[in-house]
Structures are given as C-alpha cells and as structure tokens.
Amino acid sequence: MGENIRSGAALNSGDPTYEEVMLWYNDLATWVQSEIELLDWQPLLQDARPSLVSRPKTIDTLRQKLQRHPTLDIGSVQDIAGVRFEAEMTLDQQDAVAKAVALHFDHDPDDPACVRDLRAAPHSGYRAVHVWLRFEKRGRVEVQIRTHVQGAWANLFERAADVLGRDIRYGGKPEGVAERRFVEDMIRLSERGLTALERARNQVAREQLMIDDGARGIVSMQQPFERRDGVTIPQAWSSIRATEVRVLEEFEKIKVGLVSHGDETEGDRCPAT
C-alpha cells in the first residue's frame, strides 16, 4: 500500500484500503490522547490547561512524505498517528511534560530515539519537543509538545504553507521576492526572537521558584535574591507577558493577511467564467 501511495497507483486487490488503515491509526491516536488527558497536569502546569488534539495523516501529506523519503516503509512512518499537546508553559515545564508522557507509556525519556528536542535544532523554524511512541503490533504515535508561543508560530507557518507552498516546511523557498523574505523573516523570528523570549520566561520562572523554595525553607538562602539587571521579578513577568501578547496579536494580523493573499492567488488561478 505504501508503494502504491508513493507512486499514485491504485491499491492492489485484497490489500487494506487507505481508509481502513487510517481508521486504525485514528483509533491509536485517540487512545493515546485519552490516556494523556487522564493524567493530572496540575502539579506541573499549575493553572494552565493543556489543549490536546489527535489526527491521522491525510493521504496527500503521507504521499508527500513517502516521496521525500524513497526508502521509507509506511510502517516506519512515525507520525501517521499524531497527538498535539499545547499549553502556556516554560521550557522546563515542556521538558517535564515530555518526560511524563514517555514514562506513562513505559518509554525511556532519556532515549534520543524517544524524546526529540527540536528547539535547539529547529526544522525550518519549527520548534517543539516530540515524543515518539512505539507500540508492539499496534503502531507508532508522535506526540508533539509545544508551548503556546511555539504553537501559535507553527499554526501561522502552516497557514503560510497552504498559501505559499508546502515546500517551505522542508526548507523550500517561494519564487517571489516578497514571499521569500516573509518566509525567511518567519524562520528568523522563531529561531532567534521567540527562542530568546522563551528563554527569558524560563529564567524568570526559575528565579521565582528559587524564591518560593527559599520562603518554604526547601533551600537555604543566605541573603535576599536580587536579579542582576535590577528588574524585579514581577516587572520581568509583566514585560515578558506584554511581549507575548504583542507577538500573538501580530500573528493574528499576519494570518488575516495570508487569507487575503490566498484568496487573491486562488482568484488568479481560477478566474470567474
């Protein structure tokens, strides 16, 4: 079936249909999602509520992946079944969530073949932590764990790929100068600006945790904690959150612009008759 999907040929008589295989993977992804939803995330995420969705790959995206990797067997495709976990959280919390998911399904969180950190080495700007689950005789599931900022960027870039071409997700660039600059700016924003923003949030959260642990007597503090830049932790939090709000608002504006651009392009391709 995989070879036929890759080539676009009709499926062989007697083979399972694409719909039957996707139903299998959909059930697998739904089960993984339900297991993750049943976990108590309050100790790790406090008041933040995670958003979880699951889905199987469409036949078009599966064909594109098989064509990009000519030797890949369909049974080895990790993300035919996918679950997405998004929450407002720090980088440390993101790591803790990935570890909890891996351990819940009896996987080793220290195995790089299980937990894949795409923050240090983004794919075309895409940043996240993926947990690759492998179940004997059942299949594979990819759990994408993203912060709210990483998720907003990824959703916007996905929309841009719908308009400018799916290849931008794999290093391709549009032909138009303005479109190419937009893609390059988006990737640069993720790999530099958003990375710096999330690291700043993570550092402030660590400092707040240190103060809280000191107040509870968990750690010994010889003198009151002071930030090197002289900015108080509430001021730092306020600045970081204000920046996040501006970024997310700007993403929404860009998304509206992409919709308009896509409508115009579609109109050029399909003139009224």
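- At least one donor-acceptor pair under 3.5 Å links the side chain of Gln67 to the backbone N or O of Arg6.
- Using a 4.5 Å heavy-atom cutoff, the side chains of Val183 and Pro174 are in contact.
- Across Pro50 and Phe85, no two heavy atoms sit closer than the pair CB-CZ, 3.3 Å.
- The ring pair (Phe, Tyr, Trp, His ring centres under 6.0 Å) search around Phe105 returns Trp31, Phe135, not counting sequence neighbours.
- No continuous path of ILVMFWY side-chain contacts below 4.5 Å connects Leu103 to Trp41, so the two sit in separate hydrophobic clusters.
- Checked against side chain to side chain contact (heavy atoms under 4.5 Å, CB included), Lys65 has the following partners two or more places apart in sequence or in another chain: Lys57, Arg68, His69, Leu72, Val77, Asp79.
- Atoms CG and CD, on Leu189 and Glu184 in that order, are 13.5 Å from each other to the nearest 0.5 Å.
- The side chain to side chain contact (heavy atoms under 4.5 Å, CB included) search around Val177 returns Arg180, Arg181, not counting sequence neighbours.
- Residues Ala236 and Val231 approach most closely at N-CG1, 3.7 Å, considering heavy atoms.
- Checking side-chain atoms of Gln78 against main-chain N and O of Val141 turns up a donor-acceptor pair under 3.5 Å.
- Between Met1 and Pro16, the closest heavy-atom pair is SD-O, 3.7 Å.
- The ring pair (Phe, Tyr, Trp, His ring centres under 6.0 Å) check on Phe182 picks up nothing, with sequence neighbours excluded.
- Applying the side chain to side chain donor-acceptor pair (under 3.5 Å) test to every pair with at least one member in residues 245-257, sequence neighbours left out, gives these pairs: Thr243-Arg246.
- At least one side-chain heavy atom of Leu45 sits less than 4.5 Å from a side-chain heavy atom of Gln93.
- With sequence neighbours excluded, no residue forms a salt bridge (Lys or Arg N to Asp or Glu O under 4.0 Å) with Arg192.
- In this structure Ser13 satisfies the side chain to side chain contact (heavy atoms under 4.5 Å, CB included) test with no other residue, sequence neighbours excluded.
- Remark: the backbone N or O of Asp92 is paired with a side-chain donor or acceptor of Asn202 at under 3.5 angstrom.
- Between Val247 and Glu244 there is no side-chain heavy-atom pair separated by less than 4.5 Å.
- Taking both residues in full, the closest heavy atoms of Leu156 and Ile254 are given as CD1-CG2, 3.9 Å, listed atom of the first, atom of the second, then distance.
- Tyr170 and Ile187 fall into different hydrophobic clusters, where Ile, Leu, Val, Met, Phe, Trp and Tyr residues are linked whenever their side-chain heavy atoms come under 4.5 Å apart, directly or through other members.
- Trp153 and Ile145 sit in two unconnected hydrophobic clusters of ILVMFWY residues. Membership requires side-chain heavy atoms under 4.5 Å apart, directly or through other members.
- The side chain to side chain donor-acceptor pair (under 3.5 Å) analysis of residues 113-122, with sequence neighbours excluded, yields the pairs Gln94-Arg119, Asp95-Arg119, Asp117-Arg119.
- Judged as a side chain to side chain donor-acceptor pair (under 3.5 Å), the pairs with a partner in residues 122-135 (not counting sequence neighbours) are, in order, Tyr126-His130, Arg127-Thr195, Arg127-Glu198, His130-Glu142, Trp132-Glu142.
- When every heavy atom of Ala152 is checked against every heavy atom of Leu248, the shortest pair comes out as CB-CD2, 3.4 Å.
- The structure places CZ of Phe157 at 10.5 Å from CG of Leu258, a figure rounded to the nearest 0.5 Å.
- In terms of heavy atoms, Tyr18 sits closest to Ile59 at OH-N, 2.7 Å.
- Enclosure of atom CD in Glu175 is not indicated, since only 12 or fewer non-hydrogen atoms of other residues, nucleotides or ligands lie within 6.0 angstrom.
- In this structure, Ile80 and Ile74 have side chains that are in contact, with non-hydrogen atoms separated by less than 4.5 Å.
- One finds the CG atom of Leu164 at 13.0 Å from the CZ atom of Arg169 (value rounded to the nearest 0.5 Å).
- Between the side chain of Asn26 and the backbone N or O of Met22, no donor-acceptor pair lies under 3.5 Å.
- Side-chain contact between Arg146 and Asn155 is present, with heavy atoms from C-beta onward closer than 4.5 Å.
- The stretch residues 11-28 participates, sequence neighbours left out, in no salt bridge (charged side-chain N to carboxylate O under 4.0 Å, His left out) pair at all.
- Both Ile211 and Ile240 sit in one connected hydrophobic cluster of ILVMFWY residues. Membership requires side-chain heavy atoms under 4.5 Å apart, directly or through other members.
- A salt bridge (charged side-chain N to carboxylate O under 4.0 Å, His left out) check over residues 31-54, counting only residues at least two apart or in different chains, returns nothing.
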Practice task
Show the numbers, then the answer: is there a side-chain hydrogen bond (donor to acceptor under 3.5 Å, both in side chains) between Gln150 and Gln144?
Solution key: CA-CA 11 Å; Gln150 293 165 8; Gln144 302 173 346; over 6 Å; no
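- Side-chain contact between Gln33 and Arg84 is absent, with no heavy atoms from C-beta onward closer than 4.5 Å.
- Side-chain contact between Val129 and Val97: absent, with no pair of heavy atoms (C-beta onward) separated by less than 4.5 Å.
- From Thr147, atom OG1 reaches atom CD of Glu88 across 9.5 Å, with rounding to the nearest 0.5 Å.
- In terms of modelled atom types and a separation under 3.5 Å, the side chain of Arg63 and the main chain of Ile5 share a donor-acceptor contact.
- Between atom CZ of residue Arg199 and atom CG of residue Leu197 there is a gap of 11.5 Å, rounded to the nearest 0.5 Å.
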Practice task
Please report the C-alpha distance between Arg138 and Leu28 in whole Å, then the side-chain angles of each, then the deciding distance to 0.1 Å, and finally whether the side chain to side chain contact (heavy atoms under 4.5 Å, CB included) criterion is met.
Solution key: CA-CA 8 Å; Arg138 296 191 66 181; Leu28 183 58; 4.1 Å; yes
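- For Ala102, the side chain to side chain contact (heavy atoms under 4.5 Å, CB included) test picks out His107, Pro109, Cys114, Val115, Val131, with sequence neighbours left out.
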